[in-house]
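Everything on this sheet refers to the single structure shown next.
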Amino acid sequence: MPGDLDDICAQIECPKCGRELSVPFRVIRLQKAVGCQCRAMIALQDDTPLAELQRLIDEQNSQAGANDD
Ligand SMILES: [Zn+2]
């Protein structure tokens, strides 16, 4: 279901304070940047978060497919 992708969060580390942020795919798509609690604005670059996101999507898909542990 394509709508589910918006709920997947990518873990992005703030380059300023080192805090790990959970950024929903919806935010990545719409904003291209995210604000940290330390007020740093983190640009969501194409390679890192989206590559990571694809991995998370694959993970979630495989989990959804194998639901009978
Ligand atoms: Zn920060």
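Being a predicted model, the structure only gives us computed values, none of them experimental. Start at 1 and go down the list; that is how both ligands and their atoms are numbered. When reading the values below, keep in mind they use all heavy atoms of this one structure, side chains included, and skip hydrogens, waters and symmetry mates.
Within the protein, the N, O or S atoms lying under 2.8 Å from the Zn ion (ligand 1) are Cys14 SG, Cys17 SG, Cys36 SG, Cys38 SG.
Within the structure, salt bridge (Lys or Arg N to Asp or Glu O under 4.0 Å) contacts touching residues 8-22 (residues at least two apart or in different chains) do not occur.
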Margin query: Please determine whether side chain to side chain contact (heavy atoms under 4.5 Å, CB included) holds for the pair Cys36 and Ile42, giving the CA-CA distance in whole Å, both sets of side-chain angles, and the decisive distance to 0.1 Å.
Written below: CA-CA 7 Å; Cys36 180; Ile42 305 165; 4.3 Å; yes

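How far CE of Met41 is from SG of Cys14: 11.0 Å, rounded to the nearest 0.5 Å. The distance from the CD1 atom of Ile8 to the OG atom of Ser22 is 12.5 Å, given to the nearest 0.5 Å.
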